[in-house]
Number of protein chains: 2
Amino acid sequence: MFLSKTTTYAIRILIFMATDEQPLFSAQYLFEKLNISNRYLRRLLTDLTKHGFITSLRGRNGGFVFARKMDSIFLSEIIEAVEGFNLLETCIMGRTDCKLSPVCAMHGSWLEIRDNMKKTFSLTSLQDIKNSSTT
Amino acid sequence: MFLSKTTTYAIRILIFMATDEQPLFSAQYLFEKLNISNRYLRRLLTDLTKHGFITSLRGRNGGFVFARKMDSIFLSEIIEAVEGFNLLETCIMGRTDCKLSPVCAMHGSWLEIRDNMKKTFSLTSLQDIKNSSTT
DNA sequence: CATAAATACTACCTTGATGTATTATTTTTT
DNA sequence: AAAAAATAATACATCAAGGTAGTATTTATG
């Protein structure tokens, strides 16, 4: 898989929140809608809160809302926040130094692919996804 | 990481064998040249043998040689053999059914990237890599 | 034929990602 | 003030990928 399970969860949560019109999302509600294990989902929600994508409201009637405008949250940012390192900068062969040939002979062809991917992820915001899904 | 460690090992082994001119490669020799743990490397060599990329010669003075011409071995084949499933066909979100919006709202942009990647991997053979590295 | 040097097989160990359980904290409602 | 309903924090459990160890098998060489 190209993205870790956790990263795909994070993206799915935020995309769902972006497209489902609700003033507030409780963890319970998100659990019922998305197919992510309850406890793990809650932990991820806390993570996303710490990363500043959403804000948590504690206490009775609490839940989660977007902390920023959806058109300012790009897929690349979500991916990098959750993966914990700059995934889109890495060599496909997992090397930190890509100078060596033939060890990293894939480097040339990979660079093109990676830049293409990076461009797409950096230009696609949650708002864009919302727009294209409602159309 | 976009490819598993094991897959990058497999690719590195075969690229090394393609570029280093030797009539026969012993596991010991490959271990000294590549930076892959000894035992795991040997297991991978057996795997690559079973997948038909290389042939093993047992007994004293044994080792490994290519089982097929290098211009018939494409990166896509190596990746799919080692990953054990058709990685390049999968959805970036790890879903088997990508019909649902907004759950898989990334599908559109991903398709383009994936096809691009698939094309590159399907068109690049070990021979190509050898040619480009000696030039 | 015995030994050395190579690969093959099988089982176990380690580690990180994912998932679960328990308890603590916060806030609203009565 | 007490209870209810929400998130937060911490620790533990599970599983698969990656790595290690020991033994078996094969073949060349003296």
Side-chain angles (χ1 to χ4, degrees), chain A residues 1-13 17 22-67 79 81-85 87 93-95, chain B residues 1-13 17 22-67 79 81-85 87 93-95:
Chain A
M1 186 144 57
F2 287 90
L3 298 177
S4 73
K5 226 167 170 181
T6 302
T7 301
T8 68
Y9 287 167
I11 293 175
R12 281 177 50 211
I13 292 168
M17 289 178 65
Q22 298 272 338
L24 186 75
F25 297 85
S26 72
Q28 183 58 32
Y29 177 74
L30 290 172
F31 169 62
E32 283 160 9
K33 294 297 188 175
L34 303 166
N35 196 24
I36 303 174
S37 83
N38 201 338
R39 300 295 187 136
Y40 200 58
L41 168 65
R42 288 161 188 272
R43 220 163 71 179
L44 271 179
L45 287 168
T46 303
D47 281 357
L48 293 174
T49 300
K50 286 182 180 158
H51 277 109
F53 297 115
I54 54 181
T55 301
S56 73
L57 304 174
R58 299 182 66 163
R60 194 163 174 167
N61 303 334
F64 301 88
V65 293
F66 274 107
I79 293 171
V82 179
E83 296 278 342
F85 67 101
L87 178 67
M93 299 295 281
R95 302 180 67 81
Chain B
M1 185 146 55
F2 286 90
L3 298 177
S4 73
K5 224 167 171 183
T6 302
T7 301
T8 68
Y9 287 168
I11 293 175
R12 281 177 51 210
I13 292 167
M17 287 177 66
Q22 297 272 341
L24 186 76
F25 296 84
S26 71
Q28 183 59 32
Y29 177 74
L30 291 172
F31 169 63
E32 284 160 8
K33 294 296 187 175
L34 303 165
N35 196 24
I36 303 173
S37 82
N38 202 338
R39 296 294 190 134
Y40 200 59
L41 169 65
R42 288 160 189 272
R43 220 163 72 175
L44 270 180
L45 287 167
T46 302
D47 280 357
L48 293 175
T49 300
K50 285 183 181 159
H51 277 109
F53 297 115
I54 54 181
T55 300
S56 72
L57 303 173
R58 299 184 65 165
R60 190 164 179 167
N61 302 335
F64 300 88
V65 292
F66 274 108
I79 293 171
V82 179
E83 295 278 342
F85 69 102
L87 179 66
M93 299 296 282
R95 302 180 67 82

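Small disclaimer: the values here were computed from a predicted structure and weren't measured.
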In whole angstrom, give the distance that lies between atom [atom1] of [X] and atom [atom2] of [N].
X	N	atom1	atom2	value
A/F31	C/dG19	CZ	P	12 Å
A/Q28	D/dA5	CD	C1'	11 Å
A/K5	D/dA17	NZ	P	11 Å
B/L57	D/dA28	CG	P	10 Å
A/F64	D/dA6	CZ	P	12 Å
A/F25	D/dA6	CZ	P	15 Å
B/L30	C/dA5	CG	P	19 Å
B/L3	D/dG18	CG	C1'	16 Å

Pairs under 3.5 angstrom only: tabulate donor-acceptor contacts from the side chains of residues 48-64 of chain B to other protein residues two or more places apart or in another chain.
from	atom 1	to	atom 2	distance (Å)
B/T49	OG1	B/L45	O	2.8
B/H51	ND1	B/D47	O	3.2
B/H51	NE2	B/A81	O	3.4

Legend entry - First encountered from the 5' end of DNA chain C, between A/S37 and B/G62: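 Its nearest nucleotide being more 5', the pick is B/G62.
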Legend entry - Quiz item: A/R58 side-chain donor-acceptor pair to C/dT25 base, under 3.5 Å: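 For A/R58, whose side chain was compared with the base of C/dT25, there is a donor-acceptor pair (under 3.5 Å).
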Legend entry - Under-3.5 Å donor-acceptor pair between B/R60 side chain and D/dT29 base: no
Measure the [atom1]-[atom2] distance between [X] and [Y] for me, rounded to the nearest 0.5 Å.
X	Y	atom1	atom2	answer
A/R42	A/S37	CZ	OG	10.5 Å
B/I11	B/T6	CD1	OG1	11.0 Å
B/Y9	B/L44	OH	CG	8.5 Å

May I have the list of side-chain donor-acceptor pairs in residues 27-34 of chain B shorter than 3.5 Å, sequence neighbours left out?
from	atom 1	to	atom 2	distance (Å)
B/Q28	NE2	B/E32	OE2	3.0
B/Y29	OH	B/D20	OD2	2.7
B/Y29	OH	B/Q22	NE2	3.2

Legend entry - Side-chain N,O (B/Y9) to OP1/OP2 (D/dG19) below 4.0 Å: yes
Legend entry - Of B/N61 and A/A27, the one whose closest DNA chain D nucleotide lies more 5': A/A27
Legend entry - Residues in contact with DNA chain C, drawn from residues 39-56 of chain A - heavy-atom cutoff 4.0 Å: A/R39, A/Y40, A/R43
